[in-house]
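Heads up, the thing below is written out as structure tokens.
Note that ligands are numbered from 1 as they come in the structure, with each ligand's atoms numbered from 1 the same way. The first residue of the sequence shown is numbered 1, and numbering continues consecutively from there. None of the values given here were measured: they were computed from a predicted structure.
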Amino acid sequence: MFTIVKNKMFTFVIKQKPMDFQALFTEYKEKRLSGRYITNKHIEPLLKSYEGVFEITVEGVSVLGEPIYSILAGTGQTRVFIWSQMHGNESTTTKAIFDLLSFLNSKDAFSKILLGHFTFYVVPILNPDGAEAYTRVNANAVDLNRDSVNLSQPESKVLRKCFEEFKPHYCYNMHDQRTIFGVGDAPLPATVSFLSPAYNDEREINDVRQKAINLITAMNETLQEYIPGQVGRFDDSFNINCIGDMFQSLGVPTVLFEAGHYQGDYEREITRKFIFFALLSGINAIYENVIAVNKSEEYFNIPQNKIVFYDILFKNVKINYENKEKITNFASQYREVLFDNSVIFQAIISEIGNLDTMHGHAEVDCNSAGFSTEDGNKMPKIEEKANFYIGERRKFVNGQEV
Ligand SMILES: [Zn+2]
């Protein structure tokens, strides 16, 4: 942050201390939300506590009649429209949004400045039925992020109404991505990915798309200090049915956020923090007007994320296939299952083969020992639970050695 001080003789610029994102997160994290299962039931007490502080509105109802809430915060000229959980099981960004609201509701001097400069319009859970059922799609099994032309679903209509009435200067389209994505050659997990969506098939860059590009590079610059090499750029092929592409083509700079995997963080409590850092640094960049500079080169230098990870990779295992022994590799992927009001992770065998271009978030060397199961299988079966033995002594349950 800079403060310009003028007097008759001099104009000088005092560089203020950069924001301490970690300290802000520690102080203002919304402790009432955690884990992967975030629904209307979880956010309603928070919304209640913000009554009289921010403007809370029911914008409409979902297929199953659940309220779709919005939160209006601030009175400033620059309007930012943020929505999360368009895909019901993508809750990390919702947690980060409530961390941001907690900061905005604080006595911190900068939060007051932001509330005077910006108006934030937040739809924290656009797809409450999907959130409740822990599904990507809504209750009619429609992917709302493919419904921006047809507007066939009540949730899509609510989002469009909010967009048209609020007339935002910026849109934040907030999602989670699976653990399969990595960045670079190492590779590292794509903990956060961004996209400034295309607005036409040629993927040209106009002023609108450029603004979103510049904003992303400001957020990337901050994130690189904390998670170097773990920020990815999403594929920008144009699809007008996707909401980001639609809003960008309607003339509003739109940023896609994808909260991804951080080492060991399946609850996404660490990734949540980095989304908070991104939100705050992006807002700060708009406030300081540093995003007016063309940053296309920096943006396209952010590596594209790519599918290179399994959750667990088992290497050098001996299998018995058609009475022939063979040393190979196999992989397991967690299936997220809603159980007793929380999300559990079931390790399912997902691939067998060389897999030498792939990596595991966890890797197990089987040292050429044989694979076997309780019922006598000598070869891993795709889609089965990852419960097995390696050699005589090593027992694995749900993909973990016990
Ligand atoms: Zn999504």
Side-chain angles (χ1 to χ4, degrees), residues 35-40 43 62-63 68 81-97 122-153 155-156 158-160 162-163 171-183 189-198 212 216 219 231-248 254-262 265-268 271-272 274-275 278-279 304-307 309 333-336 338 343:
R36 296 292 285 270
Y37 189 51
I38 305 289
T39 69
N40 267 0
I43 67 164
S62 66
V63 172
I68 299 170
F81 182 32
I82 307 172
W83 64 94
S84 182
Q85 274 177 280
M86 160 180 261
H87 293 143
N89 58 354
E90 298 178 1
S91 57
T92 306
T93 50
T94 308
K95 294 187 287 186
I97 287 171
V122 178
V123 176
I125 300 182
L126 179 65
N127 176 6
D129 300 337
E132 180 73 26
Y134 200 70
T135 57
R136 174 183 173 89
V137 293
N138 77 348
N140 288 332
V142 172
D143 183 339
L144 300 177
N145 204 20
R146 300 292 180 272
D147 193 37
S148 74
V149 174
N150 294 338
L151 298 177
S152 66
Q153 301 303 302
E155 298 88 355
S156 310
V158 165
L159 186 70
R160 182 61 66 88
C162 293
F163 174 82
C171 287
Y172 288 8
N173 177 21
M174 308 201 69
H175 293 256
D176 270 81
Q177 66 184 2
R178 287 174 291 163
T179 56
I180 56 177
F181 291 101
V183 185
T191 302
V192 180
S193 295
F194 293 111
L195 173 69
S196 170
I216 288 168
M219 295 189 282
V231 180
R233 183 167 49 86
F234 225 78
D235 172 51
D236 68 348
S237 40
F238 178 63
N239 182 351
I240 192 69
N241 296 300
C242 296
I243 197 70
D245 306 45
M246 173 58 92
F247 286 173
Q248 193 103 285
T254 300
V255 174
L256 171 74
F257 289 68
E258 292 278 356
H261 187 64
Y262 181 85
D265 180 34
Y266 281 92
E267 297 296 336
R268 302 227 163 151
T271 300
R272 156 199 198 160
F274 296 123
I275 298 292
L279 283 171
Q304 256 192 297
N305 59 14
K306 50 190 179 183
I307 296 172
F309 274 109
Q333 200 63 22
Y334 287 119
R335 184 178 288 163
E336 295 163 22
L338 185 61
V343 174

* Asked: With respect to the Zn ion (ligand 1), what is the nearest N, O or S atom of His87?
  -> ND1

* **Shortest-distance N/O/S atom, His175 versus the Zn ion (ligand 1)** =>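 Nearest to the Zn ion (ligand 1) within His175's N, O and S set: ND1.
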
* Just wondering, is there an N, O or S atom on Glu90 that's nearer than 2.8 Å to the Zn ion (ligand 1)? -> yes

* **Residues in salt bridge (charged side-chain N to carboxylate O under 4.0 Å, His left out) contact with Arg268, at least two apart in sequence or another chain** => Asp176

* Asked: Quick one: do the His175 and Asn173 side chains pair a donor with an acceptor below 3.5 Å?
  ->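 Present: a donor and an acceptor within the cut-off.
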
* Structure fact -> Residues passing the side-chain contact (heavy atoms from CB on, under 4.5 Å) test with Asn140, sequence neighbours excluded, are Val63, Asn138, Val142, Gln153

* Asked: Counting only heavy atoms not in Arg178, do more than 12 sit closer than 6.0 Å to its CZ atom?
  -> no

